[in-house]
Each structure stands twice: as structure tokens, then as C-alpha cells.
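Only one structure is covered here, and it is reproduced in the block below.
Worth knowing before you read on, the calculation uses all heavy atoms, side chains too, and leaves out hydrogens, waters and symmetry mates. Throughout, numbering of the chain's residues begins at 1 and tracks the sequence.
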Amino acid sequence: MLTVMSVFGVEPFRIGGTETFARELSLQLDQAGWQSVLCFQSEPPAEVRRFLDLANVKFEILPDSPHQSWKALKDFVRSLRRHRPEIVHLHFTGFLGLYPWLARLSSVKKIFFTDHTSRPAGYIAQRAPFWKRILARTINAPLTRVICVSRYGYQCLTALDLLPAERCELVYNAVDLSRVHFDLERAADFRRRHDIPPDRTVVLQVSWIIPEKGIPDLLKAAEMVVARNQNVQIVFAGEGAYRDQYTKEAESAGLGDHVTWTGLVEDPFGEGVYEAADIVCQVSNWEEVFGWMIAEGMSYGKPIVATRVGGIPELVTDCESGYLVERGDTAQMAERILALAADRHLRRKMGQAGRLTAETHFDLRKNVARLIDLYGLAEI
């Protein structure tokens with residue numbers, strides 16, 4: 001059977017954007033009569049494996065794939081020999097490395113790379129020095145296409161001139177809209193499990209609990225919000241190295257039971273995270289290349305408060321589907337949250353606009369179909 005081998009340099013510990021993409025890709029490949037080999041850093045947990053385990057799917061474990069260690073390279077070649085794919089697609093493995101050449105030397109016909117890279121705060125893309133351009137073009141000569149997940153990502157990559165612009169394509173990250181269901185009981189159950197009073201307005205951020213995601217800024221904004229509206233609950237859904245530190249900071253700030261830390265949520269769609277929310281935030285400090293959780297919140301018809309960084313303005317239209325605020329402007333964050341918390345009609349209006357944007361631009365089924373068109377399966 002003809003095969004696409006997708007290498008994801010991540011651990012599939014939850015049903016998130018990467019995992020839903022992998023499933024939709026496998027579904028559409030199955031419809032075309034192709035096999036899908038999914039390579040992750042570790043074995044998927046039982047629930048995730050059940051979600052991904054379709055009739056045409058095979059799994060491979062490549063433990064150190066992002067670092068391209070000697071062992072990772074050998075494991076990659078073994079997987080190529082085992083499955084003999086016609087197409088290899090690399091994700092989260094680094095833009096420069098030996099995988100493209102190893103794939104080409106193993107007779108892989110087409111090789112794709114998706115650039116999921118967020119940039120540091122204030123990043124400005126500039127043309128790389130001549131020697132870097134020559135080196136990068138030599139290393140990546142076997143690449144058929146580089147997929148950019150936002151216009152911002154496309155502009156950053158093409159500005160560096162590390163690869164001819166005609167080999168870069170924009171295909172947005174997207175959301176599986178078929179999994180979006182509005183279940184009031186599931187929303188109520190989420191609130192009960194996390195001791196959130198049923199009458200509170202829930203302000204949700206789903207993200208890693210790290211500084212780059214703007215957690216300290218949202219906590220400062222929360223102080224101002226709660227001082228003026230005691231009926232607001234800030235919910236952080238996610239895990240990360242800074243969780244204990246930020247929990248203590250929230251307690252020291254007197255936020256008490258107005259902040260909830262859920263820890264890792266294995267399936268945000270299945271566990272009612274977005275259904276329980278009234279407002280969704282993503283107040284990142286770094287230049288987010290996309291904003292998957294923003295697209296997810298919009299698919300549930302939730303208004304967004306987000307920072308004007310990276311690719312986020314491609315998702316959120318200011319004053320229409322939500323509010324864009326400047327990086328680190330905690331006072332403006334608080335004002336926007338308070339305005340939405342006080343106006344149910346405004347929340348509904350902005351949420352409807354966001355849902356329309358998600359349907360138009362961030363529908364996973366359509367965007368994966370676009371990617372498969374780029375694969376050119378009929379040409380192989």
C-alpha cells in the first residue's frame with residue numbers, strides 16, 4: 001500500500017491540535033487508499049491511541065526525533081526501511097537536519113516539512129548571511145515543500161531566504177469542527193470537578209504554564225478584574241514547569257478561589273473545557289506562529305482576548321471576534337475582560353463572528369484536503 005510517514009517530534013500525551021491533525025490526515029489518506037504511519041516521541045496513552053488508531057494507521061516510536069541524535073537518525077532510517085513510504089512529512093523536528101537527505105537516499109519520492117516555530121518577543125526576520133543561505137539550501141535540497149501554518153510564519157521564513165519562496169506554502173493550522181458539540185451538562189460537570197461556582201464568568205486560557213504564554217501578565221490583569229468584579233473566575237488549563245511558582249504568586253496576590261489550575265486536560269473538547277468558558281484568552285509574550293487554542297475557542301463561539309503578536313492577528317479581528325491588546329499591557333487586558341464579563345450580548349456577538357472565521361479559514365477537513373492536494377498523490 002502507498003504510504004505517507006508523518007514524523008512528529010512531540011509526545012502525544014493529549015488529544016490536541018497535533019493529534020487531531022494526524023487523525024484527519026489519516027482519514028483522508030484512507031479515503032485515497034493510502035496508509036498513514038504516525039511517528040511520535042513516545043507511545044500514545046490509551047485514550048489518544050484509540051483516537052488515532054484507524055484501519056490504515058501504523059505507529060512508530062522515534063524517542064529523540066527533535067534533537068536528531070545518532071540514535072534518532074538510525075531509528076528514522078529503520079522506520080523508512082520498514083514502511084518504505086512514498087512521502088515523508090516532518091513536524092517539530094527542526095528546519096535544518098539530516099532527515100531530508102536520509103529520506104531521499106531511502107528512495108522517498110516527496111519530502112515535506114511544516115514550520116511550527118514561534119519566534120522570540122520582538123523578533124524581526126532579516127535575510128540570512130550568504131553562507132547560511134547556501135548551507136540551508138544544500139541541507140534542505142531534498143525538500144519538496146515547506147508548509148507554513150500562518151502568514152506570519154510564511155513571511156518570517158521567506159524573509160530569511162533559506163529556501164526559494166516558491167517552495168513555501170501557506171496552509172493554516174485548523175480545528176476539527178466535527179468534534180465541536182455544545183453540551184451544557186458537560187460544561188456544568190467541568191465546573192463541578194474544578195469547584196468553580198456556577199454563577200461565575202469563566203475566563204479561560206489553555207496553554208503551557210510558562211512565561212512565554214503570558215501567565216504572569218494574565219495574573220496581574222486578574223487582580224484588577226477581581227477587584228472590580230468578584231464574579232469572575234480565571235481558569236488555566238494546562239501544565240508546565242512554572243505552575244507551582246504561579247500558583248503561589250496568585251495566592252500571594254489575594255486571588256484565592258478566583259483562580260483555578262486544572263493541570264493537564266487530556267481532551268479539552270471531550271471534557272467540556274471550552275463549553276464551560278465564557279471568554280478565552282491567549283496573552284502570549286513571544287511571537288506565536290499561530291494560536292491553536294484561539295482557533296479552538298472561536299470554533300466554540302467564544303470571544304477572544306489576545307495579544308497582538310506573531311500570527312494571532314490573523315485569527316482575531318479586533319473589536320469583531322474579540323479584542324487584541326498590546327504585549328504586557330495588563331491594564332488593557334483587564335479592561336477588555338471586564339467589558340466582556342459585563343455584557344452577555346457582546347460575548348455572543350463576538351463569539352458568532354469568531355465561529356464564522358473558524359468555519360471559513362480554520363476548518364481542519366478543508367485545510368488537510370489542501371495539504372493532500374500539495375502531496376500530489378495522483379502523481380505517484
Side-chain angles (χ1 to χ4, degrees), residues 6-27 36 38-54 57 59 61-62 65-66 89-93 114-118 147 149-150 153 171-181 186 190 204-210 212-213 215 235-241 243 261-277 280-282 284 286 288-300 302 304 306 311-312 315 358 362-365 367-368 371:
S6 302
V7 179
F8 300 98
V10 298
E11 296 187 45
F13 54 83
R14 62 191 285 270
I15 300 175
T18 298
E19 292 75 16
T20 54
F21 165 80
R23 186 177 193 275
E24 181 61 31
L25 176 66
S26 300
L27 279 169
S36 177
L38 304 178
C39 307
F40 295 103
Q41 282 202 79
S42 61
E43 177 71 26
E47 183 176 355
V48 179
R49 189 180 182 96
R50 281 193 298 272
F51 178 75
L52 294 171
D53 199 5
L54 305 174
V57 169
F59 295 96
I61 310 304
L62 302 179
S65 53
H89 196 150
L90 305 167
H91 304 257
F92 305 104
T93 56
T114 291
D115 179 20
H116 296 279
T117 309
S118 293
I147 306 301
V149 299
S150 68
V171 181
Y172 278 117
N173 279 337
V175 179
D176 185 355
L177 299 178
S178 71
R179 299 191 71 226
V180 176
H181 304 292
R186 190 160 54 188
F190 177 84
L204 169 72
Q205 176 153 320
V206 181
S207 70
W208 287 104
I209 309 302
I210 55 176
E212 291 86 348
K213 295 296 185 179
I215 309 297
V235 177
F236 292 97
E239 195 52 88
R243 180 181 168 185
W261 307 87
T262 70
L264 176 67
V265 179
E266 195 165 80
D267 182 6
F269 283 27
E271 296 181 39
V273 174
Y274 291 106
E275 287 146 310
V280 170
C281 289
Q282 186 71 69
S284 299
W286 64 3
E288 290 280 359
V289 71
F290 182 66
W292 234 324
M293 283 64 176
I294 292 174
E296 290 179 352
M298 292 165 69
S299 73
Y300 273 91
K302 306 300 178 179
I304 309 297
I312 288 178
L315 288 86
F362 310 124
D363 181 338
L364 184 64
R365 192 167 298 168
N367 292 13
V368 168
L371 176 64

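Relative orientation of the Y274 and F269 rings is perpendicular, given thresholds of 30° and 60° on the angle between their planes. Ring pair H116/W292 is parallel by interplanar angle, where below 30° counts as parallel and above 60° as perpendicular.
Atom CD1 of residue I215 and atom OG of residue S284 lie 8.5 Å apart, to the nearest 0.5 angstrom. The distance from the CG atom of D267 to the CZ atom of R179 is 4.5 Å, given to the nearest 0.5 Å. Summarising the geometry, atom CH2 belonging to W286 is positioned 9.5 Å from atom OG1 belonging to T117; distances are rounded to the nearest 0.5 Å. Rounding to the nearest 0.5 Å places OG of S207 at 7.5 Å from CZ of F236. For the atom pair CG (L62) and CZ (F59), the distance works out to 13.0 Å, reported to the nearest 0.5 Å. The distance from atom NE2 of H91 to atom OG of S65, rounded to the nearest 0.5 Å, is 11.5 Å.
Taking both residues in full, the closest heavy atoms of V171 and I147 are given as CB-CG2, 3.8 Å, listed atom of the first, atom of the second, then distance. Minimum heavy-atom separation, A306 to I312: CB-CG2, 3.7 Å. Closest non-hydrogen pair, H181 versus R186, comes out as O-NH2, 3.5 Å. When all heavy atoms of Q282 and E288 are compared, the pair lying nearest together is NE2-OE2, 4.2 Å. The shortest heavy-atom contact between F190 and T262 is CZ-CG2, 3.9 Å. Taking each heavy atom of L52 and A22 in turn, the nearest pair found is CD2-CB, 4.0 Å.
Under a cut-off of 6.0 angstrom, the local environment of CZ in R365 is sparse, with at most 12 non-hydrogen atoms contributed by other residues, nucleotides or ligands.
Considering only heavy atoms from C-beta on, V265 stays 4.5 Å or farther from V206 through its side chain. The closest side-chain heavy-atom distance from S36 to L54 is not below 4.5 Å. Put simply, the side chain of V48 does not reach to within 4.5 Å of the side chain of F40, judged on heavy atoms.
Contact check on E296 versus K302 returns no salt bridge, with no Lys/Arg side-chain nitrogen under 4.0 Å from an Asp/Glu carboxylate oxygen.
Checked by atom type and distance alone, the side chain of R49 never pairs as donor or acceptor with a backbone atom of E43 at under 3.5 Å. With N367 contributing its side chain and Y172 its backbone, the two residues share a donor-acceptor pair below 3.5 Å. In this structure a side-chain-to-backbone donor-acceptor pair under 3.5 Å is present from S150 to V289.
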Original post:
How far apart are the C-alpha atoms of H89 and L25, what are their side-chain angles, what is the distance that settles it, and do they pass the side-chain contact (heavy atoms from CB on, under 4.5 Å) test?
Top reply: CA-CA 11 Å; H89 196 150; L25 176 66; 5.8 Å; no
Original post:
How far apart are the C-alpha atoms of I209 and W261, what are their side-chain angles, what is the distance that settles it, and do they pass the side-chain contact (heavy atoms from CB on, under 4.5 Å) test?
Top reply: CA-CA 10 Å; I209 309 302; W261 307 87; 4.0 Å; yes
**OP:** Begin from the C-alpha positions of I304 and M298 and carry the test side-chain contact (heavy atoms from CB on, under 4.5 Å) through to its verdict.
**Re:** CA-CA 7 Å; I304 309 297; M298 292 165 69; 3.7 Å; yes
**OP:** Before giving the answer on side-chain contact (heavy atoms from CB on, under 4.5 Å), spell out for I15 and T20 the whole-Å C-alpha distance, their side-chain angles and the decisive distance to 0.1 Å.
**Re:** CA-CA 7 Å; I15 300 175; T20 54; 4.0 Å; yes
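Aromatic pair F92/F8: centroids not less than 6.0 angstrom apart.
Sorted by first and then second residue, the side chain to side chain donor-acceptor pair (under 3.5 Å) pairs with a member in residues 9-19 read E11-S42; sequence neighbours excluded.
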